[in-house]
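Note that the numbering runs from 1 along the sequence shown for the chain.
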Amino acid sequence: MRQFAELVMQLGTSTKTNDKLDALVNYFSVADGKDKVWVIAIFSGRRPKRAVNTTQLATYAVELIGLPFWLFEESYHVVGDLAETITLLLPQKTSSEENTKPLHYYIEQLKIIEKADEQIRKQFIIDSWMEMDYAERFVFNKLITGGFRIGVSQKLMVNALAKTVKLEPSVIAHRISGNWDPSSISFEDLLSEQATATDWSKPYPFYLAYAIESDEIEKTLGDPNDWQAEWKWDGIRGQIIKRNNELFVWSRGEELMTEKFPEYHLLQSMLPDGVAIDGEIIPCIDQKPLPFALLQTRIGRKNVTKKQLQEAPIAFFSYDLLEYNGEDWRNKTLDERRGKLEGIVSAVNHPTLIISPIVPFQTWEQLAELRKSSREMGAEGFMLKKKSSVYQVGRKPGDWWKWKIDPLTIDCVMMYAQKGAGRRSGLYTDYTFAVKDGDKLIPFTKAYSGLTDKEFAQVDNFVKRNSLEKFGPVRTVKPELVFEIAFEGIAASNRHKSGVALRFPRISRWRKDKNPDEINTLDELKKMLELYGK
């Protein structure tokens with residue numbers, strides 16, 4: 001545990017990528033094999049289930065410390081992180097000896113006690129706290145609460161592993177993807193070629209695009225004849241894989257979603273064996289995408305009802321071919337991959353599997369005009385891909401770009417404020433906004449990003465001087481500050497008082513030039529729903 005705690009502290013305090021890479025390489029060079037597997041799992045999102053919930057964890061700490069719960073909660077609001085708050089308040093450890101238990105010991109014990117009596121769970125956690133130093137307690141608490149946010153991308157971890165085991169990063173990325181259990185696989189088996197060959201479901205790492213602005217297009221991309229344009233659909237990026245006569249559907253977040261989308265099951269008999277197709281999971285009727293909000297009704301449900309299948313039928317918009325006839329096709333050109341993909345989709349000839357159309361254009365100016373019709377197409381803009389590009393791993397600049405349409409915007413007034421988390425835990429940075437409805441204000445969205453640090457400090461000062469009421473951590477403030485909120489889409493919602501829900505809302509600017517009487521109305525918001533409704 002000490003080695004892992006030191007690694008987390010190094011990663012959390014370093015701002016240089018090379019320093020983080022060196023720290024990971026050093027760790028993977030000396031750590032216990034089981035610990036290395038768990039670190040790969042933790043940093044790629046495969047964290048163990050919580051043995052206790054956050055309320056229980058806080059209660060155990062309060063009882064051990066002998067602190068009133070209200071004072072603990074006030075401390076938590078100031079610190080902004082539960083794991084760190086508990087770590088700061090715990091008493092000194094009872095033993096002067098160094099803790100030698102490895103990371104995997106604690107994770108395995110947390111799994112064992114998950115269904116045990118609460119007293120057993122409580123005793124294990126307290127005993128663990130009392131044998132650990134500050135850094136070990138902090139990462140132990142993070143393991144329980146599940147909140148590792150220390151700036152380690154999967155790409156960085158893959159590069160560190162590649163340096164350690166002398167394999168290409170693309171090979172490593174593929175081998176650590178998919179459905180594997182960190183509690184039962186060894187480090188050697190995880191990275192072996194044999195493991196890849198026997199796991200028929202294993203997906204490929206996704207190739208991601210960088211955003212590009214309109215004024216950068218011609219300078220950055222050059223000759224339009226070198227590029228392929230496709231609509232950028234709003235769905236769930238995924239892969240459909242057929243191997244060993246079995247079908248698998250993966251999300252970009254490496255969640256196996258085969259059973260959530262029964263529409264795809266018929267492809268098991270229609271697709272050739274040994275293929276992996278990259279694309280988008282989208283609700284669709286007659287090859288026209290439906291609002292993303294309909295897809296949300298299907299996510300997270302174990303059993304899909306007949307009504308949901310009828311209201312939100314799902315198709316797969318195919319982008320790319322990653323594997324054909326059991327062979328990795330990622331190093332072939334986009335032109336080659338696209339040609340073969342079109343043949344596969346044409347042979348299947350079923351509305352569940354659709355080829356994402358190429359948008360023909362001659363000049364960047366012509367494409368810019370076509371881009372204005374994105375919302376009518378149910379798209380977010382264009383994907384621009386170099387015809388000669390290979391399929392890479394992760395976000396790489398140069399060959400793939402996303403050219404999104406400008407967001408929708410609305411002017412509103414701040415109504416509620418709450419303190420942020422982490423480095424913003426001492427400032428009011430999380431806001432709820434409202435529009436006018438006659439002489440009333442109707443809250444309709446929340447946002448916590450888009451301002452500079454200086455602006456956040458100014459708003460925080462306003463909140464503290466102009467609070468009207470306090471409900472726990474939330475303050476009602478005088479409705480005087482006007483902001484412009486940007487968002488990607490709007491949908492009807494019966495869960496919100498306003499009747500609408502926004503997609504990816506954020507603050508685009510502080511409208512100091514406007515007063516509260518000039519903000520938009522609820523009717524105007526609903527008009528946007530009528531025009532752009534998702």
Side-chain angles (χ1 to χ4, degrees), residues 1-9 12-13 42 47-150 417-430 460 464 467 469-475:
M1 177 63 98
R2 173 172 290 276
Q3 284 178 322
F4 180 57
E6 289 174 352
L7 172 65
V8 170
M9 293 303 171
T13 56
I42 290 166
R47 295 172 188 140
K49 291 182 180 179
R50 290 184 180 182
V52 298
N53 61 43
T54 53
T55 301
Q56 290 171 321
L57 192 68
T59 302
Y60 302 162
V62 165
E63 291 178 3
L64 180 63
I65 302 160
L67 198 69
F69 207 89
W70 68 265
L71 185 53
F72 176 87
E73 287 186 315
E74 288 297 318
S75 301
Y76 173 34
H77 292 320
V78 172
V79 176
D81 182 276
L82 179 64
E84 186 176 1
T85 304
I86 292 172
T87 305
L88 288 167
L89 291 173
L90 288 173
Q92 293 292 318
K93 68 177 187 176
T94 52
S95 172
S96 59
E97 294 182 8
E98 182 177 314
N99 178 25
T100 59
K101 292 174 181 173
L103 169 66
H104 69 266
Y105 164 79
Y106 290 102
I107 294 177
E108 288 168 1
Q109 287 301 307
L110 286 171
K111 291 183 70 177
I112 290 170
I113 66 169
E114 182 185 336
K115 296 182 180 178
D117 292 340
E118 184 178 353
Q119 188 57 39
I120 294 174
R121 287 179 279 157
K122 176 181 177 181
Q123 194 60 51
F124 171 73
I125 288 170
I126 291 175
D127 289 345
S128 298
W129 280 338
M130 298 313 294
E131 65 188 12
M132 295 176 174
D133 61 21
Y134 175 89
E136 291 170 319
R137 286 173 174 176
F138 177 72
V139 298
F140 178 68
N141 292 338
K142 283 292 188 183
L143 284 173
I144 297 172
T145 60
F148 277 103
R149 295 184 181 91
I150 53 177
Q418 182 175 344
K419 286 185 178 180
R423 70 183 185 90
R424 292 178 176 170
S425 59
L427 297 173
Y428 285 92
T429 60
D430 295 10
D460 175 76
K464 290 172 179 174
S467 293
E469 294 177 289
K470 185 177 180 181
F471 302 96
V474 179
R475 293 194 184 191

Test of understanding: with salt bridge (Lys or Arg N to Asp or Glu O under 4.0 Å), list the residues that count as partners of [X], not counting sequence neighbours.
X	result
Glu114	none
Asp133	Arg2
Lys101	Glu131
Lys111	none

How long is the gap from [atom1] on [X] to [atom2] on [Y], to the nearest 0.5 Å?
X	Y	atom1	atom2	answer
Tyr105	Thr100	OH	OG1	10.5 Å
Asn141	Glu84	CG	CD	10.5 Å
Phe72	Leu67	CZ	CG	8.0 Å
Ser128	Leu110	OG	CG	7.0 Å
Ile86	Thr145	CD1	OG1	8.0 Å
Ile107	Ile112	CD1	CD1	12.0 Å

Show the nearest heavy-atom pair for residues [X] and [Y], with the distance to one decimal.
X	Y	answer
Gly420	Thr429	CA-OG1, 3.3 Å
Ser467	Arg475	OG-CD, 3.0 Å
Met1	Asn99	CB-ND2, 4.4 Å
Arg121	Ala51	NH1-O, 3.1 Å
Met9	Phe138	CE-CD2, 3.6 Å
Thr55	Thr59	O-OG1, 2.7 Å

> Any donor-acceptor pair under 3.5 Å linking the side chain of Asp117 with the backbone of Gln119?
Replying inline: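 Pair absent, no side-chain N/O of Asp117 close to backbone of Gln119.
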>> Has Arg137 got a side-chain atom pairing as donor or acceptor with Trp129's backbone, closer than 3.5 angstrom?
In response: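 Yes, the answer is positive, given that a donor and an acceptor are paired below the 3.5 Å cut-off.
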> Would you say Leu103 and Leu143 make side-chain contact, with heavy atoms under 4.5 Å?
Replying inline: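 Side chain of Leu103 against side chain of Leu143, heavy atoms only: contact under 4.5 Å found.
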>> Pair Leu64, Met130 - check side chain to side chain contact (heavy atoms under 4.5 Å, CB included), show working.
In response: CA-CA 10 Å; Leu64 180 63; Met130 298 313 294; 4.0 Å; yes
> Going by the side-chain hydrogen bond (donor to acceptor under 3.5 Å, both in side chains) test, which pairs reach into residues 60-74, not counting sequence neighbours?
Replying inline: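 Non-adjacent pairs meeting side-chain hydrogen bond (donor to acceptor under 3.5 Å, both in side chains): Tyr60-Glu118, Glu63-Lys122.
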>> Using the ring-ring contact (aromatic ring centres under 6.0 Å, His included) criterion, which residues pair with Tyr106? Sequence neighbours excluded.
In response: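 Residues passing ring-ring contact (aromatic ring centres under 6.0 Å, His included) with Tyr106: Phe140.
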